[in-house]
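Values reported hereafter were calculated over all heavy atoms of this structure, with side chains retained and with hydrogens, waters and symmetry mates removed. The first residue in the sequence is number 1, and the count goes up from there. This structure is a prediction, so every number in the text was calculated from the model and none was measured.
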Amino acid sequence: SVMREVTGINEMEQLLQRKLGINQVIIVAGDSDHSPWVKKELGLATANCMKSLLKGNNIIAVTGGTTMSSVAEALTPSVADGELLFVPARGGIGEDVKNQANTICSMMADHTASKHRVLYAPDEVSEEMYKSISNDPRISEVLKLIRSANLLVHGIGEALTMANRRSTSKRDLEKIKNAEAVGEAFGYYFNEEGEVVHKVQTIGLRLEDLSSVPNIIAVAGGASKSKAIRAYLKEAPTSTILITDEGAAKKLI
Ligand code: BG6
């Protein structure tokens with residue numbers, strides 16, 4: 001639009017794409033750290049982007065978080081011309097119910113008049129439990145759906161904010177701090193180099209599965225998340241579409 005040209009947002013998007021080494025960046029005006037309505041704009045931009053990607057029937061894996069909750073709010077039945085099925089990307093990672101992927105999935109299904117599946121798995125499982133719950137037929141069915149998702153939409157968080165918001169054990173919190181983690185996405189914590197320094201042990205999508213997901217949208221805004229975004233995108237597939245705001249973008253450039 002003319003507005004985007006005048007404000008230089010188009011130019012910023014191009015610059016950031018090159019800088020982050022990914023194919024597409026979409027920037028909305030403002031900084032969601034300071035203005036709550038910017039998170040709404042992030043939600044709307046993501047809903048539009050999803051609409052452009054969703055033809056026919058789709059399985060969509062989603063994470064939790066307040067940003068993803070604004071995406072859910074912005075979705076309408078017109079987002080797709082076929083059937084949609086929403087699945088949580090991973091099992092519980094210690095979030096409050098309102099921030100959980102299961103909750104976001106059900107909101108998204110409500111808003112789009114489509115279906116969703118729930119992953120009934122405890123937060124943080126032991127190695128033993130991991131094996132036994134993965135074999136439970138109801139759980140393994142959802143896991144199969146997750147691995148066959150053709151779109152993943154996820155948030156990115158600042159590492160310590162996420163670790164503190166979640167039920168993180170004292171030991172893991174120390175580990176995350178000592179490793180100088182700066183970013184987090186779907187239960188993985190990254191340092192500035194983009195290396196995984198900690199992961200929440202749960203079932204569902206693993207980092208190594210991302211390369212086989214045809215479409216990935218990462219949604220995160222606010223100047224406070226700039227380091228987190230940069231760190232995570234060092235390891236993320238280059239096909240990732242980043243939807244962010246001016247606040248984060250200015251710090252990233
Ligand atoms: C979590 C996601 O639920 O939300 C994380 O699993 C993400 O990947 C986080 O970092 C972001 O939360 P928010 O509230 O900042 O959007």
Side-chain angles (χ1 to χ4, degrees), residues 43 46-47 49-51 53-77 79-125 129-130 132-157 166 184-188 199-220 236-237 239-241 243:
T46 308
C49 181
M50 287 170 74
K51 192 171 177 168
L53 295 173
L54 297 174
K55 303 284 172 258
N57 299 343
N58 291 273
I59 300 176
I60 308 171
V62 300
T63 67
T66 57
T67 313
M68 288 301 294
S69 162
S70 355
V71 175
E73 292 292 346
L75 289 174
T76 63
V79 74
D81 52 15
E83 276 182 30
L84 301 182
L85 177 66
F86 291 94
V87 291
R90 298 194 81 199
I93 42 185
E95 293 260 29
D96 256 10
V97 175
K98 65 175 191 319
N99 283 326
Q100 278 170 17
N102 277 334
T103 311
I104 305 293
C105 273
S106 102
M107 278 172 76
M108 289 189 169
D110 277 352
H111 279 255
T112 55
S114 52
K115 297 194 179 97
H116 75 102
R117 301 297 295 272
V118 171
L119 197 51
Y120 290 111
D123 286 3
E124 295 241 31
V125 294
M129 200 170 189
Y130 182 92
S132 76
I133 54 175
S134 306
N135 288 328
D136 179 288
R138 287 154 304 180
I139 289 181
S140 70
E141 199 211 328
V142 184
L143 289 177
K144 260 192 214 139
L145 291 170
I146 295 171
R147 303 240 158 88
S148 58
N150 49 314
L151 171 63
L152 164 69
V153 191
H154 70 88
I156 302 171
R166 290 174 174 154
E184 184 280 342
F186 38 86
Y188 288 81
K199 72 168 188 253
V200 180
Q201 167 101 329
T202 186
I203 54 173
L205 207 72
R206 296 153 305 184
L207 201 56
E208 57 266 37
D209 297 325
L210 292 193
S211 56
S212 50
V213 184
N215 300 289
I216 303 176
I217 307 177
V219 201
S239 62
T240 304
I241 301 174
I243 304 186

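- A pairwise comparison of heavy atoms in Thr103 and Val97 identifies OG1-O, 2.6 Å as the closest pair.
- Contacts of Glu124 classified as side-chain hydrogen bond (donor to acceptor under 3.5 Å, both in side chains), with partners at least two apart in sequence or in another chain: none.
- For the pair Gly56 and Asn58, the tightest heavy-atom approach, listed with the atom from each and the gap, is O-ND2, 3.0 Å.
- Taking 4.5 Å as the limit, every side-chain heavy atom of Phe86 sits out of range of all side-chain heavy atoms of Met107.
- Applying the side chain to side chain donor-acceptor pair (under 3.5 Å) test to every pair with at least one member in residues 210-219, sequence neighbours left out, gives no pairs at all.
- Considering only heavy atoms from C-beta on, Ile60 comes within 4.5 Å of Leu54 through its side chain.
- Qualifying side chain to side chain contact (heavy atoms under 4.5 Å, CB included) partners for Ser106, counting only residues two or more places apart in sequence or in other chains: His116.
- Of the inter-residue distances, the one linking Ser70 atom OG with Leu75 atom CG reads 10.5 Å to the nearest 0.5 angstrom.
- Of all heavy-atom pairs spanning Ile216 and Pro237, the tightest one is CD1-CG, 3.8 Å.
- For Asp136, the side-chain hydrogen bond (donor to acceptor under 3.5 Å, both in side chains) criterion is met by Arg138, not counting sequence neighbours.
- Partners of Ala61 by side chain to side chain contact (heavy atoms under 4.5 Å, CB included), not counting sequence neighbours, listed by chain and number: Val87, Ala89, Ala149, Leu152.
- Under the side-chain hydrogen bond (donor to acceptor under 3.5 Å, both in side chains) criterion, Arg166 pairs with Glu184, Tyr189, not counting sequence neighbours.
- With sequence neighbours left out, the side chain to side chain contact (heavy atoms under 4.5 Å, CB included) criterion links Ser134 to Tyr130, Leu143, Ile203.
- The salt bridge (Lys or Arg N to Asp or Glu O under 4.0 Å) test applied to Asp96 returns Lys98, not counting sequence neighbours.
- Side-chain atoms of Gln100 come within 3.5 Å of backbone N or O of Glu95 as a donor-acceptor pair.
- The minimum heavy-atom distance between Ile93 and Asp123, with the atom names listed, is N-OD1, 3.7 Å.
- Nearest approach of Asn57 to Asn150, heavy atoms of both residues: O-ND2, 4.3 Å.
- A salt bridge (Lys or Arg N to Asp or Glu O under 4.0 Å) check over residues 144-154, counting only residues at least two apart or in different chains, returns the pairs Arg147-Asp209.
- Shown here for Pro88 and Ile146, the closest heavy-atom pair between the two residues is O-CD1, 3.0 Å.
- Using a 4.5 Å cut-off on side-chain heavy atoms (C-beta onward), Ile104 and Thr63 make no contact.
- Listed by first and then second residue, the ring pair (Phe, Tyr, Trp, His ring centres under 6.0 Å) pairs involving residues 132-154 are His154-Phe186, His154-Tyr232 (not counting sequence neighbours).
- Although no hydrogens or angles enter the test, the distance criterion places no donor-acceptor pair under 3.5 Å between the side chain of Arg117 and the main chain of Leu145.
- In this structure, CG in Asn102 is found 6.5 Å from CG in Leu119, a value given to the nearest 0.5 Å.
- Residues satisfying the side chain to side chain contact (heavy atoms under 4.5 Å, CB included) criterion with Pro122, sequence neighbours excluded, are Val125, Met129, Ile133.
- Residues Thr67 and Thr46 form no side-chain contact, since every pair of their non-hydrogen atoms from C-beta on lies 4.5 Å or further apart.
- Residues Ile241 and Leu53 form a side-chain contact, since some pair of their non-hydrogen atoms from C-beta on lies under 4.5 Å apart.
- Within the 4.5 Å cutoff, the side chain of Leu85 has no heavy atoms near those of the Ser114 side chain.
- Not counting sequence neighbours, Glu83 has no partner by the side-chain hydrogen bond (donor to acceptor under 3.5 Å, both in side chains) test.
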- Query: For Met68 and Met108, what are the C-alpha separation, side-chain angles and deciding distance, and is it a side-chain contact (heavy atoms from CB on, under 4.5 Å)?
  - Reply: CA-CA 10 Å; Met68 288 301 294; Met108 289 189 169; 3.6 Å; yes

